[in-house]
Trainee: 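Following this message is one structure expressed as structure tokens.
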Amino acid sequence: MPHPIRYRTLEKNIESWFPKKIGKTPLILASVIGFYMFGWGFVSPVLGIYLDLITQNNTSTGLLFSILPLIGIIFSIPVGRLTDFVNKTKLFITGCASYLFVVLGYLMSWLYPEAIVLTRILHGFLMLVVWISFDSLLRSITKKVSSVFSICIFSQKIGYILGAILLSFLFYFGILEVDNIYLSFFILFGVLALIVIVSPILFGFSNVFKFGTAGEIFETLKNKKITLKEFKEIKNLKRNAHAMFILNFGIIMFTTSISLFFPIMIFKTGFPIWMIILIALVPESFFVFVTMIPKLSKKFGNFKSLVFLIGIMAIGGILLSQSDGMLSFIVFYSVCIGSHILLGPIINSIVSMKIKKEFYGEVTGGLSAFGKAGGFVGALGTGYLADVYSYGVSFIIMSVGLIIISGFSLWLLKSKG
């Protein structure tokens, strides 16, 4: 018979990882998005290398990557506002189904490189539809925003890591190689197709098929007059939202720079792809701490938690630029990307404070728009700086930029008015 004190301690630890009474729908969404990321785990770890093999140039790779955030800058807020008026579940499933055409575009780009531009444009728009509708749906079905987002991030990371580990095995055993790297997209295609097939069972046939999504969106655009003018409404949001928008710009700028070009850098130095995937996966293990973040931020405060995580992230970027060995690569890359993972629940908690429920879609869109702007600057700027100077110089510049932008956003968060 287990000791009662030890048993209660174990039970308390389990509760801290998986908060009770979050509801059935958030758990279903967490499972779906986890499986979604399982599919992307076969593609995302090598996507930067895939683009570099097509372009053979850092600046061109950065330019191609920046198409996604550029689309996000333009359409994040309108799409976010759209989710305030249409069926969020249906919009999410429609986005997943449309992603099948994106996967086909990437496959075609291997044979016809000119197709990659159109593919990236479509990818950029559909990524907004999927993630903004998903985030808005989560915020609309629960009051426990921080806890639910923590569980969903936990699920995403589990799925992504499992997919990436299997991808590493495929490269290690020679089933996939540089010459047939495009085959990984077939696995992603199968995962997306399965999500679309089972979604009516998970979410209910009436919820998925009632009324046509295209018609619903058209009527909403017509009646609600959702246009790019939605950008102007950001100024009416609270100061906490404004501060997190700016902070998200700096963070995504920095992490885009590191996560996109670090794998390319070590690939060009002769590291095998299976090893690059495993190195990139190390910081993903930080997801095990995500469900503890709400309690830690409650104990120490959101502000102090932000300062600490951003500080070690920037330091990690500077030290990564000076690294020249496997161990230092793993440690400092993990610090940079792992800190970003842990920041997610805190940012989502702060940005949702004092915001009315009917504006959650717009808030999500604003957060996404500023993040995409940061990704645009990080991808394009790092690609250019890497060609003109070096990867190390570009990482240092992005780290300093993160410090400056974060300092301003945190000042804005604490200032009165």
Trainee: Tell me whether S44 contacts the main-chain N or O of G41 through its side chain, where contact means a donor paired with an acceptor under 3.5 Å.
Mentor: no

Trainee: Indicate, with yes or no, if the rings of W40 and F35 have centres closer together than 6.0 Å.
Mentor: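 That pair fails the under 6.0 Å test.
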
Trainee: Does the S168 side chain pair with the main chain of A164, one donor and one acceptor, at a distance under 3.5 Å?
Mentor: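 Not at all, since once roles are kept as given, no pair shorter than 3.5 Å links the two residues.
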
Trainee: Checking L68 now: which residues fulfil side-chain contact (heavy atoms from CB on, under 4.5 Å) with it, not counting sequence neighbours?
Mentor: R120, H123, M127

Trainee: Side-chain donor-acceptor pair under 3.5 Å between W110 and Y106, yes or no?
Mentor: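 There is no such pair between these side chains.
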
Trainee: Give a yes or no on whether the backbone of S257 and the side-chain of T382 come within a donor-acceptor separation of less than 3.5 Å.
Mentor: no

Trainee: Just wondering, more than 12 heavy atoms not from F303 lying within 6.0 Å of its CZ?
Mentor: yes

Trainee: Before you tell me yes or no, could you show the steps for M244 and L306 under side chain to side chain contact (heavy atoms under 4.5 Å, CB included), namely the whole-Å CA-CA distance, both residues' side-chain angles and the distance that decides it to 0.1 Å?
Mentor: CA-CA 11 Å; M244 291 302 98; L306 286 176; 4.0 Å; yes

Trainee: For the atom pair CG (L100) and CD1 (I195), what is the distance rounded to the nearest 0.5 Å?
Mentor: 9.5 Å

Trainee: Would a distance-only check, ignoring hydrogens and angles, find a side-chain to backbone donor-acceptor pair under 3.5 Å from N248 to F370?
Mentor: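 Not confirmed, N248 side chain does not pair with F370 backbone.
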
Trainee: Report the distance from atom CG of L343 to atom CG of L309, rounding to the nearest 0.5 Å.
Mentor: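 So the CG of L343 and the CG of L309 are separated by 4.5 Å.
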
Trainee: Is it the case that the side chain of S60 and the backbone of Q56 share a donor-acceptor pair, with hydrogens and angles ignored and the cut-off at 3.5 Å?
Mentor: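 Looks like no, no N/O pair under 3.5 Å.
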
Trainee: Side chain of S66, backbone of L63: donor and acceptor closer than 3.5 Å?
Mentor: yes

Trainee: Are Y99 and F189 an aromatic pair by the rule of ring centers under 6.0 Å?
Mentor: no

Trainee: Is the side chain of T256 donor-acceptor paired with the backbone N or O of M253 at a distance under 3.5 Å, no angle test?
Mentor: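 No: the side chain of T256 does not pair with the backbone of M253.
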
Trainee: Are the aromatic ring centres of F42 and F38 under 6.0 angstrom apart?
Mentor: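 Yes: the rings meet the under 6.0 Å criterion.
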
Trainee: Would you say K268 has more than 12 foreign heavy atoms packed within less than 6.0 Å of its NZ?
Mentor: yes

Trainee: With no hydrogens and no angle check, is any side-chain donor or acceptor of S390 less than 3.5 Å from a backbone partner on A386?
Mentor: no

Trainee: Assess whether side chain to side chain contact (heavy atoms under 4.5 Å, CB included) is satisfied between I161 and M37, documenting all intermediate values.
Mentor: CA-CA 9 Å; I161 288 174; M37 290 306 298; over 6 Å; no

Trainee: Not counting sequence neighbours, list each pair that qualifies as a ring-ring contact (aromatic ring centres under 6.0 Å, His included) and has a residue in residues 379-410.
Mentor: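 Qualifying pairs, neighbours excluded: F408-W411.
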
Trainee: At what distance, to the nearest 0.5 angstrom, does CD1 of I277 lie from OH of Y172?
Mentor: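 Rounded to the nearest 0.5 Å, the CD1-OH separation comes to 13.5 Å.
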
